[in-house]
Amino acid sequence: MKKSTRLTVWAIGLIVFALFPKFFGIYYSNIIVTFAVWALFAVSLNMMLGFTGLLSFGHAMYFGTGAYGTALALTHMDGLPLIPAVLSGGVASMVLAICIAPLVVRVSGTAFAMLHLAFAQFMFVLALKLRDITGGEDGLGGFDIPPLQIKGLFSVDMADPLCFFYFAIAVIVIALCCLWFVTKTPFGQIMVGTRDNAKRIDYLGFRVSHTKAIVYIISAAAAGVAGSVSVLHQNLVSANDAYGMMISVFPIMMAMVGGARSFFGPIYGAAFFAMLEEFTTRYTDHFELILGVVLVVFIMYWPLGFAGMIMKLKYKWLTWKQSRKSQGSAS
């Protein structure tokens, strides 16, 4: 994509998000915030799954730790500013990942996936048992969201849904841009090489376990930020909403449906899931059943997801365009 075209797309996107609450109201704005949270969460998982080849069945432990980190910080630290409150969730998840990484990066495949399932269930039980800290099944909620302010310059009330909409979207876009930048660096190529041929990367002199650990920590921090924005949006976090099994499964499904080999694939998947849930829940309570059927269809007929379909259509379009150009020059 040309630079001018890229700038035009970004400008249109900013205008759409700026005007969206004005035209569609706060209900659909909340849906967009929820979609954005899941998009960041799915992309954070895909940094391991799609780019490094590490499947985790327990990535919810970092989403939940970020949510609880922000909730506990706001509950027990009076006067905590908004940005440090959000960062506290990402830092909490990062610290947890640093503690677990030396163990999990030594394994891969099924062992890696099942270890994370065990860790996630451990965190779930811990959140239930430590009722005095986490609130147990009732969770933590009712805390005040601090305003976004710089003393002497401005102060924005985050209790206003419109202001929070812009803040949440800005935080998530910045986090996504940071993850995208990582994939475009030389380190991003090492990630992909680790996924495709870890032995060759090792022969080239790069430490595979260290690479996995760095990706793992980055992924955990991004998931923690997604959890922080989610708890600020919902003003509530509970054990099931933070560490539940389906919280780990949903981002995997989003990555599979959207296209795990593409950075934007999980975002497509999150958008599709948001629209599917919005329409199906109007007529039935069996959203998970419909979701399962959709996943089976995609795995059987479109294993590369929406991103693969887009690339295939783009290839056909370029091939047709080239053939037309060749016929025109021949005539």
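Reckoned from all heavy atoms, side chains included, excluding hydrogens, waters and symmetry mates. Just so we're clear, the structure is a prediction, and the values are computed from it rather than from any experiment.
Taking Leu87 as the reference, Ile83 meet the side-chain contact (heavy atoms from CB on, under 4.5 Å) condition, with sequence neighbours excluded. Phe306 is linked by a ring pair (Phe, Tyr, Trp, His ring centres under 6.0 Å) to Phe272, Phe298, counting only residues two or more places apart in sequence or in another chain. By the ring pair (Phe, Tyr, Trp, His ring centres under 6.0 Å) test, Tyr216 pairs with Tyr62, His116, sequence neighbours left out.
When atom types are taken as modelled, the side chain of Thr70 and the backbone of Gly66 share a donor-acceptor pair closer than 3.5 angstrom. Thr52 contributes no side-chain N or O that, together with a main-chain N or O of Leu54, makes up a donor-acceptor pair within less than 3.5 Å. Judged by distance alone, with hydrogens and angles left aside, the side-chain atoms of Asn235 form no donor-acceptor pair with the main-chain N or O of Gly141 at under 3.5 Å. Not one N or O on the side chain of Ser209 forms a donor-acceptor pair closer than 3.5 Å with the backbone of Val105. In terms of modelled atom types and a separation under 3.5 Å, the side chain of Ser228 and the main chain of Val86 share a donor-acceptor contact. Checked by atom type and distance alone, the side chain of Tyr68 pairs as donor or acceptor with a backbone atom of Ala239 at under 3.5 Å. Judged by distance alone, the side chain of Asn46 and the main-chain N or O of Gly50 form a donor-acceptor pair under 3.5 Å.
No side-chain heavy atom of Val156 sits less than 4.5 Å from a side-chain heavy atom of Pro147. Using a 4.5 Å cut-off on side-chain heavy atoms (C-beta onward), Asn240 and Phe124 make contact. Met158 has its side chain out of reach of Pro146: every pair of non-hydrogen atoms, C-beta onward, lies at least 4.5 Å apart. Side-chain contact between Leu162 and Ile26 is absent, with no heavy-atom pair separated by less than 4.5 Å. Using a 4.5 Å heavy-atom threshold, the side chains of Pro303 and Ile299 count as separate. With contacts defined as side-chain heavy-atom distances shorter than 4.5 Å, the pair Met123/Leu96 qualifies. Using a 4.5 Å heavy-atom threshold, the side chains of Phe57 and Val249 count as separate. The side-chain heavy atoms of Trp302 and Val297, taken from C-beta on, include a pair separated by under 4.5 Å.
For Phe187, the CZ atom sits in a packed shell: over 12 heavy atoms of surrounding residues, nucleotides or ligands are nearer than 6.0 Å. Shown here is Met246, whose CE atom has more than 12 heavy atoms of other residues, nucleotides or ligands within 6.0 Å. Atom CE of Met309 has more than 12 heavy atoms from other residues, nucleotides or ligands within 6.0 Å.
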Steps toward side-chain contact (heavy atoms from CB on, under 4.5 Å) verdict (Leu45, Ser56):
CA-CA 8 Å; Leu45 171 72; Ser56 170; 4.2 Å; yes
Pair Ser219, His59 - check side-chain hydrogen bond (donor to acceptor under 3.5 Å, both in side chains), show working.
CA-CA 9 Å; Ser219 174; His59 207 55; 3.2 Å; yes
Assess the residue pair Val231 and Leu236 against the criterion (side-chain contact (heavy atoms from CB on, under 4.5 Å)); give the C-alpha distance rounded to whole Å, side-chain angles, the decisive distance to 0.1 Å, and a yes or no.
CA-CA 6 Å; Val231 75; Leu236 176 68; over 6 Å; no
Trace of the side-chain contact (heavy atoms from CB on, under 4.5 Å) decision for Leu295 with Met256:
CA-CA 8 Å; Leu295 182 63; Met256 296 297 294; 4.1 Å; yes
Test side-chain contact (heavy atoms from CB on, under 4.5 Å) on Phe63 and Val225; report intermediate values, then the result.
CA-CA 8 Å; Phe63 180 85; Val225 172; over 6 Å; no
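Residue pairs meeting the side-chain hydrogen bond (donor to acceptor under 3.5 Å, both in side chains) criterion with at least one partner in residues 126-145, sequence neighbours excluded, are Arg131-Asp138. Residue pairs satisfying the salt bridge (charged side-chain N to carboxylate O under 4.0 Å, His left out) criterion with at least one member in residues 192-217, sequence neighbours excluded, are absent. Within the structure, salt bridge (charged side-chain N to carboxylate O under 4.0 Å, His left out) pairs that include any residue of residues 256-285 comprise Glu278-Arg282 (at least two apart or interchain).
Here the CZ-CE distance, from Phe35 to Met254, works out to 9.5 Å after rounding to the nearest 0.5 Å. Here OG of Ser29 is found 9.0 Å from CD1 of Ile169. Values are rounded to the nearest 0.5 Å. With values rounded to the nearest 0.5 angstrom, Leu232 atom CG is found 5.0 Å from Ile145 atom CD1. Summarising the geometry, atom OG1 belonging to Thr280 is positioned 9.0 Å from atom CD belonging to Glu288; distances are rounded to the nearest 0.5 Å. Leu117 contributes atom CG, which lies 10.0 Å from atom CE of Met61 (distance to the nearest 0.5 angstrom). Remark: Phe263 CZ to Leu179 CG distance equals 5.5 Å, nearest 0.5 Å.
Taking the six-membered ring for Trp and the full ring otherwise, Phe41 and Trp38 have centroids separated by under 6.0 Å.
Taking both residues in full, the closest heavy atoms of Ala67 and Val237 are given as CB-CG2, 3.8 Å, listed atom of the first, atom of the second, then distance. Taking every heavy atom of both residues into account, Met47 and Val215 meet most closely at O-CG1, 3.4 Å. Residue Ser88 comes nearest to Gly69 through the heavy atom pair OG-O, 3.8 Å, listed as atom of the first residue, atom of the second, then distance. The two residues Val37 and Ser230 have their closest heavy-atom pair at CG1-CB, 3.8 Å. Contact detail for Phe143 and Leu140: the closest heavy-atom pair is CE2-O, 4.1 Å. Closest approach of Pro251 to Ala42, counting heavy atoms only: CB-CA, 3.9 Å.
Phe273 and Phe279 end up in different hydrophobic clusters when Ile, Leu, Val, Met, Phe, Trp and Tyr side chains are linked at under 4.5 Å.
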